[in-house]
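Throughout, protein chains are lettered first and strands after them, A, B, ... in sequence-line order, and every chain is numbered starting at 1.
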Amino acid sequence: MSSSSTTTTTTRLLMLKASDGVTFEVEEAVATKLGAINNMVEEEGSEDLICLPNVNGKFLGMVLEWCKKHANNNTNSDKGNDEVNKWWDKEFVMDLDQNTLYHLLMAADYLSGTELVDLLTEKVASMIRGKKVEEIRETFKIKSDFLPGQEEEIRKKNSWAFE
Amino acid sequence: MSKMSKSESGLLGRLPTEILTLIFSKLSAKILGRMRCVCKLWSQIVDEGIPYELPGSTSDSAYFVIAKSRHRKPTMTRKKHGSATFLKISSRVFSRFARSGRYFFENSCHGLLCFAHKGRCRFACLLNPLTQQIIKLPPAEAAAAAAAQPTLRLDEGSWFFSKYGLGFDSATRTYKIVRVFYLRCRGHCYEDDGPKYSAVNTQIYTLGFGKKVSSWRPITCVPPWPLPIISRAVFTGGFLHWVTGHVPEPLISEEEALNKHKIVTFHLSKEEFRLISLPRSLFAGLLLFYHLVDLRGVLALVDMSRRDVGMDIWTMKDHDKEEWVKTCSLRLPSFHPSNISSYSKSVIGPWENGKLLLLYGPSLISFDPNDNQWRCIYTLGLKDDRQSENNNNKLLLRRTTRTCLFYHPNAETEKWTRTQIPPGFYDDDTILCFYTHSLFCTESLLLLSPFSKSD
């Protein structure tokens, strides 16, 4: 997978402070799975306390939990780790409700956790696949805001999608 | 399970457009068609991501990147880059093409791509990358069929080949595929003692709206000049254009070059060929190196024969009078030549705000001819677009399997940096770029397809 895993054995600890003041102490190798933090570490160097005013503690915790799992699994570089990661990812997104999913996505996006965003967007996509328009609306609690007739017209234009 | 009480739309429905686009990009074209009907916002996201419809829709410039995919389903990613849009399509169908290695890309028009079979030149097909639809064209008709079994055998005897060009006839609102069948005699394509091709015949296949014409129809004319195999048709203003000389070559004498280097045009409605001349000053240097490009529906010629890294762009002012106008000169960032010598430079098409999109080595850059400013663009089938954007001010010059060489244009001294390639970054060597422009709307299309051998 990614070739850029750190090889240093000294584990530096970073403090991450969430919007609600909750702080997390994490190994640098874990936190730098998040692009945003990786950038800050590279730019600011010695700064050990990183404030993340846009992320709530609850979700930051979840994001970090995910990072930790992936960082750990990546260190003992084995082929089987991909499987482990996949299994763990599946577990991670399995029971997320929409509210959590939303906030996690926002947090992961803000922190540039590309892989996590990928995982979460895939989860949302899986909630759309195979559904009818009405079912999609219901799932996402979306009200149609088309003018009368407009929807019919779009349906007609996209009739291939309804076959 | 989930509690979404007061809000009229669920939280997930209110994700920022950027994230919704990411989600949508994981869905098949078919589901996307349905999602248009969900609500206005979603419809808009899908529409902006799918600029190719049959001519008639309107949208801004859009750029497509076709990338090899690990996913089963075709995926599309919309990527905003200023006002221009990238659409990354990962296509199973397309990667199958790429892997088989049997088809090569001829040209594209309005988002439809035309491929020809490498070995059996009677076979060609069209691909709509968005719907994943492949339209197989019927094999060539009798006149050519008899001659069509031997294929690309280089050093013995003569062989046949076809040149295809896909264009749109606005008079009948149909797509037309032109096929020129050639007999080529012993020798190499670029031998000095003139070409030894003879065109056997020309046929046209019409693919239309409601019109069901399902066979090749021979026409009476053949191109007045052979079309080199590697010459790719450029479709603008109702004409297909091929250049007759295509590789960089030293200039022997101006007169000779004037005779040898022409543009063969084909008028899609009138169905006739014509020769037009290149701008005369193209032959002023020591080397001939140029290519054609579609700049928003206008035929342009990019002259790269100067020895420095500059390019001159000529546009066709008047097709009938064969009047060329020099539009601009590009001063490209200059590097030690050895670093890019093995890569091509070319203009792909127009970019936002009068800029141009260029392929420079393995990098894509946008270039503003007015102030000679350029910017690196990373969008090629990248898994980690965001990460690679961090390298925005560096130009990728050369890469090996694990590291690549970046150039920092802003550094005070010209500096080279060796950088680890981010994961998923440029795992493909060959990048194929093409661009089309629609007559009916402002939409345009760039398709970049990394045809890879591995994975």
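Here the closest non-hydrogen pair linking Leu12(B) and Met127(A) is CD1-CE, 3.9 Å. In terms of heavy atoms, Lys40(B) sits closest to Gln150(A) at CE-OE1, 3.9 Å. Between Arg137(A) and Cys37(B), the closest heavy-atom pair is NH2-O, 2.7 Å. Phe146(A) and Ser43(B) make their closest contact through CZ-CB, 4.0 Å (heavy atoms, listed as atom of the first residue, atom of the second, distance).
To the nearest 0.5 Å, the span separating CD1 on Ile136(A) from CZ on Arg34(B) amounts to 7.0 Å.
In this structure, chain B has heavy atoms under 4.5 Å from both the backbone and the side chain of Leu105(A). Contact annotation for Glu134(A): neither backbone nor side-chain heavy atoms come within less than 4.5 Å of a heavy atom of chain B.
Within 6.0 Å of the CD atom in Glu138(A), the count of heavy atoms belonging to other residues, nucleotides or ligands does not exceed 12. More than 12 heavy atoms of other residues, nucleotides or ligands shown are found within 6.0 angstrom of NZ on Lys131(A).
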Item to complete: Any chance you could lay out the side-chain contact (heavy atoms from CB on, under 4.5 Å) test for Gln98(A) and Leu11(B), step after step, and finish with the verdict?
Response: CA-CA 7 Å; Gln98(A) 294 207 10; Leu11(B) 265 182; 5.6 Å; no
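The main-chain N or O of Tyr102(A) is never found under 3.5 Å from a side-chain atom of Arg14(B) such that the two would form a donor-acceptor pair.
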